[in-house]
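The next block holds one structure in the form of structure tokens; read it before the comments.
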Amino acid sequence: MKRILILTAGFGDGHKAAASNLRAALELVTDEAKVEVLDLFESSYGVLNALLKQSYRGLVRYAPGVWSGVSSILDHHTVFRWQTDMMGSLRTALEDVLEQAEPDVVVSTYPVYGQFVEDIYREHAERPFRLITVITESIRVCSSWYRAPCDLFVVPNNLTAAALQDAGVGQDRIKTLGFPVTPLFSSERSHIAPPKYHWDPKKVLYVINTGKAKAGKCLERLLSIPNLELTVTVARDASLKAKLAGRLREYGDRVRLYGWTNRMPKLLMSHHLVIGKAGGALVHEAIAARCPIIANQVIPGQEEGNAQLIETFGVGAVAHTKRQLSELVEGAFAHQARQWLEWRQNLDKVSRPDAAVQIAQLILRESVDGSGVLRPLRLFEGFGGRGQRSGPGLPAPSRVLLCDFHIHTNYSDGRLTLPEVIDFYGRRGFDCICITDHVTDPRRLIGRFSELLNFTVAPHQLDEYFDSIEQERKRAWRKYNMLVMTGLEFNKEGFTKKTSGHLLGIDLKAPIPASLDFVETIALIHGQSGLAVAAHPHVMKSEWGKNTLFLWENQEVFAPIIDAWEIANRNNIFTPVGLKRLAYLANSDFHKPKHIYSWKTLLQCEKDPEAIKECIRKNERVSLTMYREAASSEAVEAQHNVEQSLASESGPPSLVAARVSA
Ligand code: ZN
Ligand code: ZN
């Protein structure tokens with residue numbers, strides 16, 4: 001078993017994406033490697049690191065000019081030096097990690113690690129692992145990437161290779177394999193027909209990943225171009241999505257709005273053009289997808305190289321004003337799309353959609369196979385290993401499974417992405433979880449409730465939702481031995497608590513329309529051999545979500561057909577469910593990390609989906625537990641706030657989000 005440690009950090013785009021794409025590619029090409037991605041800045045410095053990142057983001061977002069000034073006065077190296085001086089124990093942390101992990105290969109997608117490694121092994125005859133640096137920059141390559149020695153440098157293109165050679169790095173140590181975009185770019189390529197120049201309408205993808213208040217105007221200008229369709233993605237900014245939905249309603253089918261999506265590869269491959277910020281990840285993804293790119297925002301310093309890359313390769317353009325943007329889009333398709341075709345031809349020359357797989361194979365070739373015996377290793381094992389928990393005197397089956405069947409991701413109004421949720425629960429040793437994002441009956445969403453639609457899985461994203469969970473289900477099983485089920489929370493919002501109800505469908509195989517009444521919904525859930533569970537069916541005291549009593553008030557209809565009722569939801573306990581001796585479950589209704597500290601279900605049965613469902617239906621050997629762990633809830637929350645604030649760049653969640661989050 002080979003051990004591969006990927007070191008990264010969250011300063012700026014691209015580093016973290018490169019790291020996680022490499023992990024995905026490694027997991028794709030081999031079962032014979034343990035791969036761990038580590039952001040030592042994150043784990044070593046917690047809050048301090050968060051502050052640093054936030055101030056960096058703040059600078060970038062609000063004062064790009066200031067940032068430019070800072071980075072020109074202090075070159076990258078000085079900035080890094082300053083950070084490392086400030087956080088003197090990073091080197092020690094890395095030393096500890098390397099000693100514990102005993103990796104065969106260390107891959108770094110962030111510049112400073114090479115220097116630390118050099119420092120740590122200065123007194124050693126040789127370093128006990130191979131070190132590969134995957135450079136994510138093009139053209140302007142900061143010297144801190146290659147100042148320290150390294151076995152191999154993987155670079156995204158010939159321009160970066162040339163820059164390294166100019167700086168004196170030997171040619172034999174440079175591998176030009178491309179930027180490691182997600183391996184989906186190569187695996188999905190054969191399924192998607194690339195757009196043709198004569199296709200009408202022209203499909204333009206508009207990616208918003210920083211809170212852009214003025215995006216609406218820009219989009220309207222683009223929509224004044226005839227025969228143009230827009231797909232807009234707003235990342236995690238649900239309130240911006242809501243705003244744009246209202247503003248662009250009059251354009252009907254010409255505009256398709258996405259909140260969070262992990263289908264970027266597919267979207268890029270099926271659109272004529274992409275418009276977005278010149279971040280490392282997007283530019284390289286567009287190149288991999290052979291989708292011409294128009295950059296409408298360039299952060300001075302770190303992104304100028306990417307903008308230059310677009311122009312040097314001739315794979316798109318940089319727009320400096322809104323007006324120039326729409327002129328560029330219009331011009332691309334004028335004269336039988338002459339400009340667009342030229343961009344496409346150039347893309348064919350530089351596109352490397354399988355870069356991550358190529359780099360993964362290189363990493364594997366470099367890894368020196370150890371004894372073949374898997375050594376016990378904390379770092380790679382997660383927090384699992386609770387082992388057997390059989391109760392004394394109880395007959396087989398003896399496993400006790402820790403379960404949570406009510407979890408939201410940012411496909412609806414949760415704060416974490418689906419993969420983040422999987423890792424969050426997997427690391428805590430959960431045995432079975434069910435993802436239950438909200439879908440809402442659109443017929444009920446009149447007046448004040450209509451904005452809630454933006455915090456539910458959109459009907460056109462349901463297939464993606466099911467596919468993504470299916471993917472993560474496999475990863476969760478491989479990595480954490482954790483079962484993941486697909487579910488939905490069907491919301492019916494009435495004007496009163498007695499006409500409002502939330503119903504969970506657990507272990508679904510396919511989407512179920514949100515517009516059916518609950519009796520029909522339950523029939524379809526059972527048709528898929530799923531479970532129908534009443535969510536928070538009674539009065540909640542401690543939460544500010546509104547009460548949803550519809551199912552409880554109509555027990556004569558629902559008690560015979562509902563498989564279980566939540567006796568506990570997050571911190572609430574619903575005593576009447578116990579008094580009535582109804583089949584029960586206890587769930588977090590997880591929306592954010594601190595919700596992990598809440599009621600959970602323990603099941604004593606085999607770790608198998610059918611056995612688990614049968615155990616719940618029969619409601620024997622079911623118990624509830626209040627989940628606690630060593631770290632405080634504040635620590636868990638703080639840690640994930642950092643991730644979140646980095647990823648969303650969209651400010652705090654709105655009140656609307658809070659209201660739906662029951
Ligand atoms: Zn919920
Ligand atoms: Zn709910």
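Hydrogens, waters and symmetry mates are skipped; everything else that's a heavy atom, side chains included, is used. Every number for a ligand or one of its atoms is a count from 1 in the order of the listing. All residue numbers in this chain count up from 1 along the given sequence.
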Worksheet item: Quick check: does His438 put an N/O/S atom under 2.8 Å from the Zn ion (ligand 2)?
Response: no
Discussion item. To make sure I understand the geometry: which N, O or S atom in Asp589 is closest to the Zn ion (ligand 1)?
Written reply: OD1
Discussion item. Quick test of your reading of the model: are Glu27 and Arg478 salt-bridged, counting only N-O distances below 4.0 Å?
Written reply: yes
Fill in: His406 near the Zn ion (ligand 1): N/O/S under 2.8 Å
yes
Practice prompt. Check whether any N, O or S atom of His408, backbone or side chain, sits closer than 2.8 Å to the Zn ion (ligand 1).
Written response: yes
Worksheet item: What's the verdict on side chain to side chain donor-acceptor pair (under 3.5 Å) for Asp589 and His595, showing C-alpha distance, side-chain angles and the deciding distance?
Response: CA-CA 8 Å; Asp589 204 344; His595 292 167; over 6 Å; no
Fill in: Angle subtended at the Zn ion (ligand 2) by Glu489 OE2 and His536 NE2, rounded to 10 degrees
110°
Item to complete: Please identify each residue that fulfils ring pair (Phe, Tyr, Trp, His ring centres under 6.0 Å) with Phe466, with sequence neighbours left out.
Response: none
Discussion item. With ring-ring contact (aromatic ring centres under 6.0 Å, His included) as the test, pick out the partner of Tyr627 among Trp599, Phe590, Phe430.
Written reply: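 Single ring-ring contact (aromatic ring centres under 6.0 Å, His included) partner of Tyr627 among Trp599, Phe590, Phe430: Phe430.
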Worksheet entry | Nearest to the Zn ion (ligand 2) - the N/O/S atom of His502, by atom name |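 This residue's closest N, O or S atom turns out to be ND1.
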Worksheet item: Pro537 and Leu549: which non-hydrogen atoms are nearest, and at how many Å?
Response: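 So the minimum-distance heavy-atom pair works out to O-CD2, 3.4 Å.
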